[in-house]
K.L.:
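Let me begin by handing over the structure; questions about it come next.
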2 protein chains.
Amino acid sequence: MSSNAALAETAALIGDPARAAMLAALMDGRALTAGELASAAGITPQTASGHLGRLTEAGLLAMERQGRHRYHRLASPAVARLIEGLLELAAARPRRAVATGPRDAALRQARTCYDHLAGRLAVAIADAMTARGQIELTADGGAVTPAGEAFLVGLGVAAAPTRRGRLFCRPCLDWSERRPHVAGVLGAALCTRCFALGWVRRRAGGRALEITPAGWAGFRDAFGIAPEDLRGPA
Amino acid sequence: MSSNAALAETAALIGDPARAAMLAALMDGRALTAGELASAAGITPQTASGHLGRLTEAGLLAMERQGRHRYHRLASPAVARLIEGLLELAAARPRRAVATGPRDAALRQARTCYDHLAGRLAVAIADAMTARGQIELTADGGAVTPAGEAFLVGLGVAAAPTRRGRLFCRPCLDWSERRPHVAGVLGAALCTRCFALGWVRRRAGGRALEITPAGWAGFRDAFGIAPEDLRGPA
DNA sequence: CCGGGGCTTCGGCGGCCGCCGAAGCATCCC
DNA sequence: GGGATGCTTCGGCGGCCGCCGAAGCCCCGG
């Protein structure tokens, strides 16, 4: 069975510290240049170039040229899901007293995860919507209830209307909170809407998000989320 | 961010050919001894021992002693999902004219994927249930319809009754067929039932399944699946 | 047209790690 | 108890691969 070899090859590709750092840097869904990725991984551009070439050839990354820059991004949501899963398992086990700095704290409060929101904010949103009967989430999947659809329409979320049947959403286990939040099409639409409403914006240099004053008001009114709900536990 | 290091470490663990082969061998959900895994990976027992120790310490495998044997299995469904995703991505890209032997052909027709059915059989089941309005499957998730619940009860499938709301099921992209089939709790329950009914049984030495005469009849009566439906394309 | 910056290719060095032989433990069977 | 079997630990060898310096290519701006 040579599919084993392909399995090992793909995993090994992710398994290098420099490449892993670059992939993680791309987990916010944006496209970055080779130079930015090199500095994110702490290596020289020429080394990064080699890595990026291999990742692209393997179908993990996609690249598009724009002038003299070359922008690299994750090739597909499947890649993002894969890294999510890896992070989940990686976070689960060893936990050897990682010193969590302030940057990390910002990340834990709110961030993007490829195309949807993650962190305590996302978990709080999922909790609120579940408590209100707007969505149902289990380990296997999730769906929006009729009440939820009405709520989302009111919020201006442009989730694809249910063709026939229910609008499903994918649960995504938060690596920092170890609780599920909303991913999939619905998660992406929610995230887009929050940006459009100016409720969140990217913090300088990183995946972390800043919740704007309008955002605090919006999340309170729409989901009943208070600032205390997003403070770290302990 | 030291979670990057953990990410790379976990991926690198899977990224070794010998370890990948052992993990793949465990993807049928059974527990194997170190010796069996060593031969599956084509290495000596002492080398396998080292690998198994590392995989277990990282939380990818679980081990239980039974007499002088030590049985190793995947530590959790999360690990199985991860490898699934890796196989999906690995199968997607390179495709360098892999000679598919007869063993591979058996694998493509029917096999187990950790705790549920996979291969053409599983895809045909998912297709039939979808066509009959018994389940709905999208990329984001899936659910059983009321009609589907009734059907499953009639079949004797012991899927946990819906607590409140719908019984979700997880879609799983088949690495050989590139089409989704049913995973999650429902997939596991269906698989268990098929074994209990004697419709399928394990082929000697491998993940491949053999469909019994009773199975052919059962799959025809229950799902309308004909032998032609499971023949390879081309 | 020419200078400069971003990116790539090439070559060689260095370290990590997977591999096996040999030896040591544990468990079961007779 | 003796011997066989299954598994582990130890030590040393060998190869793969990630790293950077230097040089070349491409695209932009002036």
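Chain naming here is simple, since letters A, B, ... match the order of the sequence lines and numbering starts at 1 in each.
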K.L.:
Can you measure B:His69 atom NE2 to C:dA26 atom C1' for me and round it to whole angstrom units?
P.N.:
13 Å
K.L.:
Please list, chain by chain and in numerical order, all residues satisfying salt bridge (charged side-chain N to carboxylate O under 4.0 Å, His left out) with A:Arg202, sequence neighbours excluded.
P.N.:
none
K.L.:
State plainly whether the residues A:Glu84 and B:Arg81 are in salt-bridge range, i.e. N to O under 4.0 Å.
P.N.:
no
K.L.:
Indicate the atoms forming the closest heavy-atom contact of B:Arg111 with B:Trp175, along with that distance.
P.N.:
NH2-NE1, 3.2 Å
K.L.:
Give, for atom CG of A:Leu86 and atom CD1 of B:Ile14, the distance between the pair rounded to the nearest 0.5 Å.
P.N.:
5.5 Å
K.L.:
If the condition is ring-ring contact (aromatic ring centres under 6.0 Å, His included), which residues does B:Phe219 pass it with, not counting sequence neighbours?
P.N.:
B:Trp199
K.L.:
In B/S/- notation, 5' to 3', how is nucleotides 15-28 of chain D contacted by protein heavy atoms closer than 4.0 Å?
P.N.:
---SSBBB----SS
K.L.:
Tell me: CG of B:Leu52 to P of D:dT9, nearest whole Å?
P.N.:
11 Å
K.L.:
How sharply is the helix from C:dC1-D:dG30 to C:dC30-D:dG1 bent, taking the axes over five pairs at either end and rounding to 10 degrees?
P.N.:
30°
K.L.:
Assess whether salt bridge (charged side-chain N to carboxylate O under 4.0 Å, His left out) is satisfied between B:Glu210 and B:Arg203, documenting all intermediate values.
P.N.:
CA-CA 6 Å; B:Glu210 180 186 359; B:Arg203 286 181 126 96; 5.6 Å; no
K.L.:
Restricting to salt bridge (charged side-chain N to carboxylate O under 4.0 Å, His left out), what partner residues turn up for B:Arg73, sequence neighbours left out?
P.N.:
B:Glu64
K.L.:
Donor-acceptor pairs are to be reported for all side-chain atoms of residues 180-190 of chain B against protein atoms at under 3.5 Å, with residues two or more places apart or in another chain.
P.N.:
unit_1: B:His181; atom_1: ND1; unit_2: B:Asp174; atom_2: OD2; d: 2.9
unit_1: B:His181; atom_1: NE2; unit_2: B:His116; atom_2: NE2; d: 3.3

K.L.:
Measure the distance from CE on B:Met63 to C1' on D:dC7 and round it to the nearest whole Å.
P.N.:
10 Å
